[in-house]
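Take a look at the structure set out below.
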Amino acid sequence: MGSRISQRASRVSIIKLALLAGCALGAAGTAQAQDATAQDQAAENDAVAADEIVVTGFRQSLEAAINLKRNSVGAIDAIVAEDIAKFPDQNLAESLQRIPGISISRDAGEGRAITVRGLSSQFTRVRVNGLETVATSTDGASANRDRAFDFNVFASELFSSIVVHKTAEASLDEGSLGAVVDLNTGNPLAAKAGFTAVGSAVVSYNDLSEYAGPRLAGLLSWRNDSGTFGVSLSAAYQKTQVLELGNNTVRWAQARFDSVNGAPCFTTSATNLTAVRNAGGVYTTGRSAACDQAALSFHPRIPRYGEVQHDRERLGITGSIQFAPSDATKFSIDALYSNFNSDRRERWGEVLFRSNERSIDVINPVYDSNNNMISGTFNDAWVRTEHYLRKSTTEFYQVGGTWDQDVSDSFRFTLLGGLSKSAADIPVETTVVFDDRDAQGYSYDYTDMKRPKLTFGTSVTDPAVFQLAEIRDRPSEIENRFKTAQLRTEWDVAEGFTVKAGAMWRRFNFDTIAFTRDTAVCGNGGVDRVLGTITCSASNVFGPSAIYGFPVNSTLSEMFNLGNAGQPAGNTNSWLVPNLGATTAFTKLYQRPLALDAGNNRGVQETTKGGYLQVDAKGELLGLEYALNAGIRYVKTDQSSYGLVGTVEATIERSYSDWLPSANIALFPTDNVIIRAAAAEVITRPTLGSLTPGGSADGFNFRVNSGNPFLEPFRATNYDLAIEWYFAPQALFSVAGFIKNVDSFTQTAAITEATFAQTGLPVSVLNPSSPAALNPALLTQPIWTLTTPVNGTGAKLKGVEVALQLPFSVFAEGFISNFGILANATYIDSNADFIVQGPATVPGGALVNITRSAALANVSRYSYNGTFYYDDGKFSARVMGTYRSRWHEGASGTGNILEGFGSQFNLDASIRYKVTEWLEVSLEGNNLTDTYRYRFTDFDADRNYENNHFGRTFFLGARFKY
């Protein structure tokens, strides 16, 4: 072994910092963890090298993380807890965004999902203590039916480290085009002998909701003097309330209006110019330029302001038992439990243009250069206010065990097994609607696309103008179950040459079931559908005398006052909304029978089995030191999926196999420079919700979506090259380049101008309150769009990451030496062809399929983040900023092309002071600039989808350690 490699081995003593924080990759059984564990005892007896600096706190965590990276063969990045139960950030996703190449998406102001090197969360595998897992939860729109991991389910205090594997290895679980992320809980045998107790109490305060809630965490750990037995138990609890204030359009659309500036757009025949008011008639293209321009332009479907209130309660518990009867044997049992309760309440004041444009008169419309009707006044508008409540509970548990055994000095194995279950239960998802369907003088102005002015011409604070027109409730359940068993072996054939082999079996089950109690109060005339106490008007009756719901009074309603939502002067800021308690009791909503939501009764069982063979080597070649691993992984996937096709449940089975070669090499031209290169064949299996047969029907937008059980996995070839310069203790400058050649990328194929009968679905799958269910004539018209995911063409992604970790001790002494900088930047260039539905080219015509070349979904071209810190062991402070440029999420709808989010910048800060060796106080602030989240519904036209903000959150607390 060369001299520099020996010197590098002696420096591994610093990794003990990571082990003491519990960051050894424990149950994951990875090469990095095993190497660190094997060398730990020898390193403990080494003298501290002259260039090593003893540090604590935040700088200690940075040092531990940088040494994990330095001593890996593949490309990894790590984040290590500063101390037991003391993670650097309040949220795991928000910590991950500080790693080069990682961006995050937020829900209710919290980091929720990650994007690694331009690939979204569905392309990232997450393991908890070595077991792959999916944490089911609900986001702003629906429950997770993807493979993505929801980081907001868990409290950060439960974890001791995160390790991100950016390159593949044969011994590393497959399933990722982006990265494998290891989340690791405590390691009691690495703690000090005796009893350890840690506790923290924090008060969080959000300045928009003006709510103060508790955040409590604690850990108890014990290890015997001989280091053969250890146990630990940790728990964390948090309760928060966050307000989301802003505006929303629910996309933009094209449609034909009743009249424009007084000129009727419909006639009784092509030659008779007598206007037909509000319904029926014939529209003739070319007869009125004003009508055609309005029909071909885009207008907001449901322009509205409102408030979304997020009430969240999070409880997490971890436990670990470790027994090492000898130096050759260790047994570990790890368990994790999380319970995440979330209530989401929405109150909106809006106009329902969607599907009702035929009755609406347009006055003084204004258009911009992107063909948007950005302002106008509207008569006979369908004014709506709604009150929505969803109650959800996500429960997660995982139990895993490992047996690490040294059979001899040269042969060892790890046997790993475990199971996890994640369930999201939504017992209540209720909406009650008030309508005024012939309002006069409504106007909107989207000259400022992010901050429109919405003005109601009629009184929206008078109960007499409204009717209770619609009730909805959509309870559902989603469950993910995971089981695994793995055997990993290692044989040191010779010095610097190790053969690794292993086998694995995994089974993943995804099941979802949903129901509906939805109904419109009135159909097309006759007795109402809810209580049978009123006689409804026919659908073609229009005006103040029309009866389409129950009369509203002060008992059924409540006043809503909009706070600071970024609205301009002159906006309508107060309106009545349904009182949910009173209206659900009046309509007996929860006593209505449940009807099966056929499109969401489906599931997938996926069984994978296979093995790997890998060779690890290190030594010298032509005077150049190297370390490498190379191998191949085989995996066979057996898939069984079921769903309702029509009224019959269908089950479809299939199997496929993959051989996945990979190689990583690290070259050491000097003591402080590492050159890394990697190449691998990788796969990600399709989105779970896309693999089921059958489909769901949208009777509001005349769209039917079906799954495709025969989707192929995403397959890609990845190439990586990096140079790392460790130019001083705790310091690093690195540049990494990467290329991902994706052979196949799932696309959505669409067929337009079909009738509902051609979909093969029964009418019972339609939402009872949708226009299609209320008006059977729409079922026979060729206005339906059929969509299904298909195996698309390939795509290419390439990028560069630049990172700097610079403690000022490199060039200064004394006070200045306690400062430092962490900074990184990522540039990504990607391209794929998306088959999307573009605008109609004739008034009232079908949407036109087009091919749009763009960046891959969820890819920001630029992302940056930086941390400026001070840490003297007693007092520490950090200021952290993150930025990512705009990105799209893929296909939109209603003729819009690629919807996504505008650029975002977030600023956080924290200060900590160690009062004594056992007491520390802290003050932290998240989202200090109160950044708005802007979402667009068309990448080119930049049409507003929503623009919301969540306020600043502050944390004041204390931490105790014994």
Side-chain angles (χ1 to χ4, degrees), residues 72-77 100-102 114-125 132 147 164-181 500 608 610-616 628-637 656-667 675-687 711-723 735-747 790-801 826-834 853-859 861:
S72 169
V73 177
I76 73 165
D77 283 288
I102 295 184
I114 66 172
T115 295
V116 182
R117 288 183 166 179
L119 293 172
S120 65
S121 53
Q122 82 170 88
F123 297 100
T124 298
R125 297 282 69 78
E132 182 182 348
R147 299 179 188 272
V164 180
H165 304 264
K166 293 182 177 177
T167 58
E169 297 180 12
S171 59
L172 199 63
D173 289 342
E174 86 291 339
S176 164
L177 265 63
V180 174
V181 178
K500 298 178 179 179
T608 57
Y612 66 88
L613 180 65
Q614 179 175 307
V615 173
D616 289 12
L628 66 82
N629 62 59
I632 192 165
R633 187 176 186 90
Y634 169 78
V635 59
K636 181 182 179 184
T637 304
Y656 54 89
S657 301
D658 287 276
W659 293 90
L660 304 171
S662 61
N664 293 266
I665 186 168
L667 304 175
I675 301 173
R676 302 187 195 274
E681 300 282 348
V682 294
I683 66 167
T684 288
R685 296 175 180 88
T687 299
L711 285 175
E712 292 293 324
F714 299 90
R715 294 185 172 95
T717 304
N718 290 353
Y719 302 96
D720 296 81
L721 180 65
I723 301 176
V735 179
F738 51 89
I739 297 174
K740 299 179 186 292
N741 290 325
V742 184
D743 296 329
S744 61
F745 220 87
T746 300
Q747 295 279 346
V790 297
N791 298 307
T793 58
K796 188 171 185 177
L797 180 150
K798 54 187 177 181
V800 177
E801 299 169 355
T826 303
Y827 168 80
I828 297 175
D829 181 43
S830 65
N831 186 265
D833 290 335
F834 296 86
S853 294
L856 289 171
N858 296 286
V859 174
R861 183 175 290 268

How far apart are the closest heavy atoms of [X] and [Y], and which atoms are they?
X      : Y      : answer
Phe834 : Ala855 : CE1-O, 3.3 Å
Pro713 : Ile683 : CB-CB, 4.5 Å
Leu628 : Val73  : CA-CG1, 3.9 Å
Val742 : Ala716 : CA-CB, 3.8 Å
Val682 : Ser176 : CB-O, 3.4 Å
Gly178 : Val116 : O-CG1, 4.0 Å

Could you measure the distance from the [atom1] atom of [X] to the [atom2] atom of [Y]? Nearest 0.5 Å is fine.
X      : Y      : atom1 : atom2 : value
Asn718 : Lys740 : CG    : NZ    : 3.5 Å
Leu856 : Asn831 : CG    : CG    : 7.5 Å
Ile739 : Leu797 : CD1   : CG    : 9.5 Å
Glu174 : Thr637 : CD    : OG1   : 7.0 Å
Ser121 : Ile114 : OG    : CD1   : 7.5 Å
Leu172 : Tyr612 : CG    : OH    : 10.0 Å

Query raised in the report: Any luck finding a side-chain donor-acceptor pair between Glu681 and Thr717 under 3.5 Å?
Result: yes

Requested in this report: Compute whether any side-chain donor of one residue and acceptor of the other, for Asn629 and Asn664, lie under 3.5 angstrom apart.
Outcome: yes

Report task. Identify which one of His165, Arg125, Arg633 satisfies the side chain to side chain contact (heavy atoms under 4.5 Å, CB included) criterion when paired with Asp173. Result -> Arg633

Beyond-backbone contact of [X] with [Y], side-chain heavy atoms, under 4.5 angstrom:
X      : Y      : value
Val859 : Thr115 : no
Arg117 : Ile102 : no
Leu660 : Ile632 : no
Asn858 : Leu119 : no
Arg861 : Tyr827 : yes
Thr793 : Ser744 : no
Trp659 : Val635 : no

Query raised in the report: Under 6.0 Å between ring centres, would you say that holds for Phe123 and Phe714?
Result: yes

Look at [X] together with [Y] and state whether they make a salt bridge at an N to O cut-off of under 4.0 Å.
X      : Y      : value
Lys166 : Asp720 : no
Glu169 : Lys500 : no
Arg685 : Glu712 : no
Asp658 : Arg715 : yes

Query - Side-chain donor or acceptor of Ser662 paired with backbone N/O of Ala170 under 3.5 Å - result: yes

Query raised in the report: Is the backbone of Ala736 close enough, under 3.5 Å, to the side chain of Glu801 for a donor and an acceptor to pair up by distance?
Result: no

